[in-house]
Structures are given as structure tokens and as C-alpha cells.
There are 2 protein chains.
Amino acid sequence: MRAESVPEPTLRRLPSYYHYLVRLREKGQEMISAAQIGEDLGVHHTQVRKDLAVTGSQGKPKVGHRVEELIVSIENFLNWNNVTDAFLVGAGHLGTALLGYAGFERAGVKIVAAFDANPKMVGKKIQGVSILPMEKFTDLARRMHIGIGILTVPAEVAQETAEMMVGCGVQAIWNFAPIVLDLPQGVIVENVALYSSLGVLSRKLSVHRKALLAKASPEPVASE
Amino acid sequence: MRAESVPEPTLRRLPSYYHYLVRLREKGQEMISAAQIGEDLGVHHTQVRKDLAVTGSQGKPKVGHRVEELIVSIENFLNWNNVTDAFLVGAGHLGTALLGYAGFERAGVKIVAAFDANPKMVGKKIQGVSILPMEKFTDLARRMHIGIGILTVPAEVAQETAEMMVGCGVQAIWNFAPIVLDLPQGVIVENVALYSSLGVLSRKLSVHRKALLAKASPEPVASE
DNA sequence: GGCTAATCGATAATTTTGTATCGAGATGAA
DNA sequence: TTCATCTCGATACAAAATTATCGATTAGCC
Ligand SMILES: NC(=O)c1ccc[n+]([C@@H]2O[C@H](COP(=O)([O-])OP(=O)(O)OC[C@H]3O[C@@H](n4cnc5c(N)ncnc54)[C@H](O)[C@@H]3O)[C@@H](O)[C@H]2O)c1
Ligand SMILES: NC(=O)c1ccc[n+]([C@@H]2O[C@H](COP(=O)([O-])OP(=O)(O)OC[C@H]3O[C@@H](n4cnc5c(N)ncnc54)[C@H](O)[C@@H]3O)[C@@H](O)[C@H]2O)c1
């Protein structure tokens with residue numbers, strides 16, 4: 001009941017453990033130690049233990065954890081074995097890529113319909129998911145008790161679209177637009193900040209290159 | 001020169017300030033205070049000041065910062081005004097979505113070519129970017145001094161593809177596959193962990209719903 | 001059966017990140 | 001001009017996250 005107090009960094013690492021473990025299982029491995037996970041994923045082994053501890057799974061000294069058990073624990077913890085229906089709004093480049101992806105269902109999210117304001121998109125079907133006109137959103141979302149909204153519309157209309165979703169009972173929004181949504185307290189928003197990612201990349205690359213240059217040139221002992 | 005010591009959370013917030021500021025500029029606003037930015041983006045105002053400070057931009061008491069100046073500072077800091085050429089490998093659902101997106105160039109990344117192992121994809125052109133066969137990667141990447149590789153291949157081949165990229169001089173990899181790449185020290189890897197994002201979303205939603213249920217039901221004073 | 005080595009899980013120390021405080025500078029009004 | 005007020009930026013404090021330490025447990029081996 002005090003389960004909300006799980007550190008968010010832990011939450012973010014769990015899926016990467018999960019995928020790693022699934023690959024181990026495919027290879028037929030049954031046991032795994034926290035130390036090995038840490039080494040392979042670049043996480044400190046004590047950190048791995050803490051992270052896995054929140055899922056409730058226990059390891060045994062000398063042998064480590066059962067791969068299968070860990071997988072199930074993580075699935076349970078993240079609620080990945082209960083599928084929640086989601087609506088996607090904005091079936092453009094990114095939206096269709098997400099629709100075409102089969103992998104989200106194992107992460108508890110099933111896109112059951114898509115919506116777009118562009119009449120040219122409406123009526124199409126992608127991977128079995130129909131693209132419907134915006135007018136249908138309100139009614140359908142309410143009737144189907146849609147809990148998750150996936151937002152892949154242009155940034156200019158992201159705020160209003162999100163508000164519309166929330167008005168129809170959507171409790172969580174997966175936001176791909178580069179904007180901070182202002183929504184009622186209690187609504188869960190998860191931003192996929194691709195630009196943040198690019199910012200980090202650009203900055204690191206630029207620093208990296210400057211460091212290389214500095215090493216190459218004589219550098220007259222500047223600064224302390 | 002000690003510029004590497006910028007906190008990564010700061011790096012991740014800068015792009016969101018950037019987009020916010022660009023929208024302000026479009027609206028014609030010239031000045032902005034750290035307090036206002038903080039309120040609009042849900043960041044503490046002292047944090048905003050610290051973040052902006054790393055870019056070197058200074059504000060003036062009583063009036064705040066010049067919007068235009070801040071934008072330029074952030075661009076400089078992230079090196080977003082120097083465009084670096086990038087190759088994309090894996091022109092599938094996600095790869096084509098990225099190719100179709102015009103917005104990355106303003107973030108200093110220009111996708112100049114795409115590569116795919118599937119002969120059906122090869123030869124196509126998306127937004128002016130040609131999809132080439134994998135055989136051409138090595139030679140072209142070396143000759144064009146490609147610094148950034150964008151990885152949108154299936155997870156099974158992500159590791160080997162990344163190694164191939166690094167072998168051709170690629171210094172930074174933007175990885176969309178749900179796998180932790182094991183690459184030589186010094187190579188910059190930025191993971192877009194969509195599943196992490198989904199993990200956080202699922203977990204929060206599940207906790208949120210349990211909390212709602214608990215409030216609705218009588219709850220006979222369980223737990224300690 | 002007892003010893004060794006590996007691993008776990010709890011607790012403590014350190015580092016990083018975020019928040020609050022406070023003096024100083026700038027603006028505009030009295 | 002002088003004053004009140006707003007905002008900045010530096011410094012101090014608090015919280016969170018990561019890393020290190022250490023005793024406990026167990027499998028395998030002699
Ligand atoms: N494609 C990418 O690689 C990428 C990368 C980073 C961020 N994004 C962000 O994702 C979002 C979508 O990007 P995209 O490349 O798919 O854009 P897009 O233009 O291809 O798709 C947007 C879709 O939304 C629809 N739309 C527009 N207004 C609408 C409205 N009011 N209601 C419903 N639908 C509406 C359009 O018809 C279009 O199909 C944008 O916010 C963009 O900034 C995309
Ligand atoms: N599409 C999504 O929404 C989404 C979401 C999360 C993660 N991902 C990840 O992104 C990656 C790509 O996903 P996708 O949906 O675009 O898959 P996809 O199958 O549509 O595209 C993969 C592309 O890579 C090409 N390819 C396969 N093997 C290759 C090789 N050895 N060398 C070069 N190209 C090769 C294929 O021909 C295909 O065009 C995957 O790792 C996936 O897990 C995608």
C-alpha cells in the first residue's frame with residue numbers, strides 16, 4: 001500500500017532487466033546472479049539487488065535468482081500482465097510507427113483504436129487498428145473506459161488534445177510531443193522527450209570532440 | 001573545459017526550456033523570469049536558475065532574461081547550431097518515422113542516409129533521404145566522417161550493428177532498441193528506452209487505480 | 001560433517017540532485 | 001532622489017540515489 005515509494009530510477013531500470021532476463025531465458029539459462037546482471041547492464045550490483053527487491057523476488061545465496069521467477073516478478077510489479085486498452089491520437093509518422101509495433105502488448109498496453117483529424121488518414125487500418133475521426137473519440141473512450149491515451153499530435157494541439165482525453169476519463173497519457181502538458185493533478189503523464197535525449201547526445205558529443213582536439217593540440221597549460 | 005561536469009538532469013531539462021522559449025518568442029514575448037518558466041514547466045525556480053546558469057546566459061534583476069538570448073545560449077550549449085551528419089540503420093516502422101520528421105535538424109542532427117538489410121526497402125526515398133543497402137555503410141560512413149548513428153534495427157541485431165558502426169568511426173549512437181549495448185569505452189550511447197517509459201506509466205497507473213479502489217471500499221484498517 | 005567460496009540482503013557512507021535562504025542589483029513609483 | 005519591490009545568483013541545507021561495507025546463508029567439495 002506504500003508501494004508508491006519506489007524510486008523512479010528503479011522503475012526505469014526494471015524494463016531493461018526484464019528484456020535482459022527474457023533473452024537469458026531464450027538461451028535456456030535458469031539462474032542468474034545480481035552481480036552478473038550488473039556487469040552486463042552496467043549497473044552496480046548492489047543497485048541491482050535493491051531494484052529487484054522492490055518486486056518482491058528473493059534470491060538464494062550461492063546460486064542467485066531464478067530467471068523465470070524474476071521475469072514474473074517484474075511483470076507483476078509493473079502490471080505488465082494486465083493489459084490496459086489505449087487510444088492513440090495523431091496517426092502521423094510517429095503514430096503509425098507505434099501502431100505498427102507489436103511489442104507494447106507485452107508491456108500491458110494495447111492500442112485498440114487510433115484517431116486523426118486528417119480525413120485522408122481516417123478509414124485506414126494499420127496492423128488491424130482502425131483510424132477513426134476525432135468526433136468519435138469522446139463517446140468511444142467513455143464507453144470503453146479507456147485508461148491510457150497516446151499523444152502523437154503536433155505540439156501546437158497537444159495541450160488541447162490532452163485535455164480532451166482527460167475529459168473522457170483517460171487517467172494516463174503517454175506524451176510524445178515536445179511540450180509540458182498542464183493537466184489536473186492526479187492525471188499521470190509520461191513524457192517521451194526525444195529532444196532531451198538528443199540534447200544529451202549532442203552535448204556529450206560536442207564535449208567529447210573538444211576533448212579530443214585539446215589532446216591533439218599542444219595546449220599551453222591554460223587554467224588550473 | 002570542465003564543462004563535462006554538468007548534471008545530466010540539467011541537460012535533459014534544457015531542451016524543454018528551449019521549446020518553451022521558442023513558443024514564447026513566437027508569441028512575441030521578449031523577457032521572461034526564471035520563476036515564470038518554473039511555474040509553467042513544473043520545475044522549481046531555483047532549479048531553473050541553476051540550469052540556465054550552465055549555459056552562460058545571465059538574467060537581470062527585476063526584468064528577468066531576454067528570451068532570444070536564452071534560446072541562443074541553449075543552442076550554443078547543446079551545440080544545436082552545428083549540424084552533425086547522421087546515418088540511420090533499420091528503415092522499418094520506427095526508422096521511417098524518424099526519417100519523416102523534420103525537427104531533428106534544429107537539434108543539430110541531420111540524417112543524410114538510411115540503410116536496411118531488406119532489399120524491398122533499399123532504393124526507396126523518404127523525405128529526400130535514400131535507403132541504401134548495408135554493404136555501402138562502411139565505405140560511406142568512413143568517407144563522410146559520420147559522427148552519429150541512429151539504431152532502429154530489431155534488438156537481436158542491435159549489438160552487432162552498433163559494433164559495425166563504431167568500427168566505421170561513429171562516435172555516438174542513438175539507440176532505440178530495448179537492449180543495453182556493450183561498446184568500447186568512449187563511445188557515446190544514448191538510449192531511448194520506450195519500455196522504461198511504459199514501465200513507469202503502467203506502474204503508476206496500477207498504483208493509482210489501487211488507491212482509488214482502496215478509497216472506495218471501507219478498508220478494515222489493514223496493515224500496521 | 002565441516003570447510004570454502006559465492007551470493008544475498010541489510011545498513012552505512014558517499015555522491016548527486018533538488019530546495020530554501022539571503023544579500024545585492026535594477027526598475028519604476030512616490 | 002529615495003524607496004519599495006522584484007528578480008537574480010551564491011551559498012547553505014535537505015532529500016534522493018548510488019556505492020561501499022559486512023554479517024548471514026547456502027551449495028559444493030574435501
Ligand atoms: N516523428 C518523429 O520522429 C518525432 C520525433 C520527435 C517528436 N515527435 C513529435 O511527435 C508528434 C507527432 O510527430 P509526427 O512526426 O508523427 O507528425 P505528423 O505530422 O506526421 O503527425 C501528426 C498527426 O496528427 C494529426 N493531427 C493534427 N492535428 C490534430 C488534431 N487536432 N487532432 C487529431 N489529430 C491531429 C495529423 O493529421 C497527423 O496525422 C509531434 O508532436 C512531434 O513533435 C515526432
Ligand atoms: N516501432 C516502435 O514503435 C518501437 C517501439 C519501441 C521500440 N522499438 C524498437 O525499435 C527497433 C525497430 O522497431 P521497428 O518497429 O521499426 O521494427 P521493424 O521491423 O519495422 O524495422 C526494423 C528494420 O530493420 C531492418 N533490419 C533487420 N535486420 C537488419 C540488419 N541486420 N541490418 C540492417 N537492417 C536490418 C529490417 O529490414 C526493418 O526494416 C526495434 O529494436 C524495436 O524493439 C520500436
Side-chain angles (χ1 to χ4, degrees), chain A residues 2-17 20-21 24 29-67 69-70 73-74 77 180 193 196 199-200 203-204, chain B residues 2-17 21 24 29-70 73-74 77 180 193 196 199-200 203-204:
Chain A
R2 63 185 47 18
E4 306 89 54
S5 68
V6 173
E8 192 162 310
T10 292
L11 237 39
R12 292 197 184 278
R13 281 187 295 265
L14 285 174
S16 95
Y17 299 144
Y20 170 82
L21 292 165
L24 284 189
Q29 188 168 336
E30 295 196 352
M31 306 299 290
I32 183 74
S33 74
Q36 189 61 49
I37 297 179
E39 193 183 324
D40 290 341
L41 300 187
V43 178
H44 207 270
H45 60 97
T46 52
Q47 187 71 72
V48 174
R49 292 207 186 89
K50 278 195 184 173
D51 289 344
L52 297 182
V54 306
T55 70
S57 179
Q58 298 231 339
K60 269 214 262 182
K62 188 76 178 181
V63 293
H65 298 255
R66 293 196 65 79
V67 172
E69 189 188 317
L70 274 186
S73 297
I74 295 177
F77 182 79
V180 175
S196 292
V200 175
R203 172 69 191 173
K204 286 188 181 167
Chain B
R2 61 182 53 13
E4 307 89 54
S5 67
V6 174
E8 193 161 310
T10 292
L11 236 41
R12 293 199 182 276
R13 281 186 295 264
L14 285 174
S16 94
Y17 298 144
L21 291 165
L24 285 188
Q29 188 169 336
E30 296 195 351
M31 305 300 291
I32 183 74
S33 75
Q36 188 62 48
I37 297 179
E39 193 182 324
D40 290 341
L41 300 187
V43 178
H44 207 269
H45 59 96
T46 52
Q47 187 71 69
V48 175
R49 293 209 185 87
K50 277 192 188 174
D51 289 343
L52 297 181
V54 307
T55 71
S57 178
Q58 299 233 337
K60 268 214 261 183
K62 187 77 177 176
V63 292
H65 297 255
R66 292 196 65 79
V67 172
E68 184 59 35
E69 189 188 316
L70 274 186
S73 297
I74 295 177
F77 182 79
V180 174
S196 291
V200 175
R203 172 69 191 173
K204 286 188 180 168

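Quick note on labels: first sequence line is chain A, next is B, and so on, each numbered from 1.
When distances run from any side-chain atom of A:Lys62 to the nucleotides C:dT27, D:dT7, C:dA5, the shortest one goes to C:dA5. Minimum atom distance to the side chain of A:Gln58 is reached by C:dG9, of the listed D:dG9, C:dG9, D:dA20. Each of C:dT19, C:dT17, C:dT7 was ranked by its minimum atom distance to the side chain of A:Arg49; first place goes to C:dT7. Out of D:dT18, C:dT17, D:dT19, the shortest distance to the side chain of A:Arg13 is found at D:dT18. Proximity note for B:Pro7 (side chain, C-beta onward) versus C:dT17, C:dA26, C:dG18: the nearest is C:dT17.
Residue A:Val67 comes nearest to A:Gln29 through the heavy atom pair CG2-O, 3.6 Å, listed as atom of the first residue, atom of the second, then distance.
Within the model, atoms OG of B:Ser73 and CG of B:Leu21 stand 10.0 Å from one another, a figure rounded to the nearest 0.5 Å. Summarising the geometry, atom NE2 belonging to B:His65 is positioned 8.5 Å from atom CE belonging to B:Met31; distances are rounded to the nearest 0.5 Å.
Following rounding to the nearest Å, B:Met31 (CE) and C:dA26 (P) show an atom-to-atom distance of 13 Å. Atom CD of B:Gln47 and atom P of C:dA20 are 11 Å apart (whole Å). Between the CG atom of B:Leu11 and the P atom of C:dT16 there is a distance of 15 Å, rounded to whole Å.
If you find the closest nucleotide of DNA chain C to A:Val63 and to A:Thr46, the one lying nearer the 5' end belongs to A:Val63. Where A:Thr10 and A:Pro61 each meet DNA chain D at their nearest nucleotide, the meeting point lying more 5' is that of A:Thr10. A residue-by-residue look at B:Asp51 and B:His45 shows that B:Asp51 has its nearest nucleotide of DNA chain C further toward the 5' end.
Backbone-only engagement by B:Ala34 is indicated by non-hydrogen atom pairs under 4.0 Å involving sugar-phosphate atoms exclusively.
A salt bridge links B:Glu8 with A:Lys204: the distance from a Lys NZ or Arg NE/NH1/NH2 to an Asp or Glu carboxylate oxygen falls below 4.0 Å.
Put simply, the side chain of A:Lys50 and the base of D:dT19 share a donor and an acceptor less than 3.5 Å apart.
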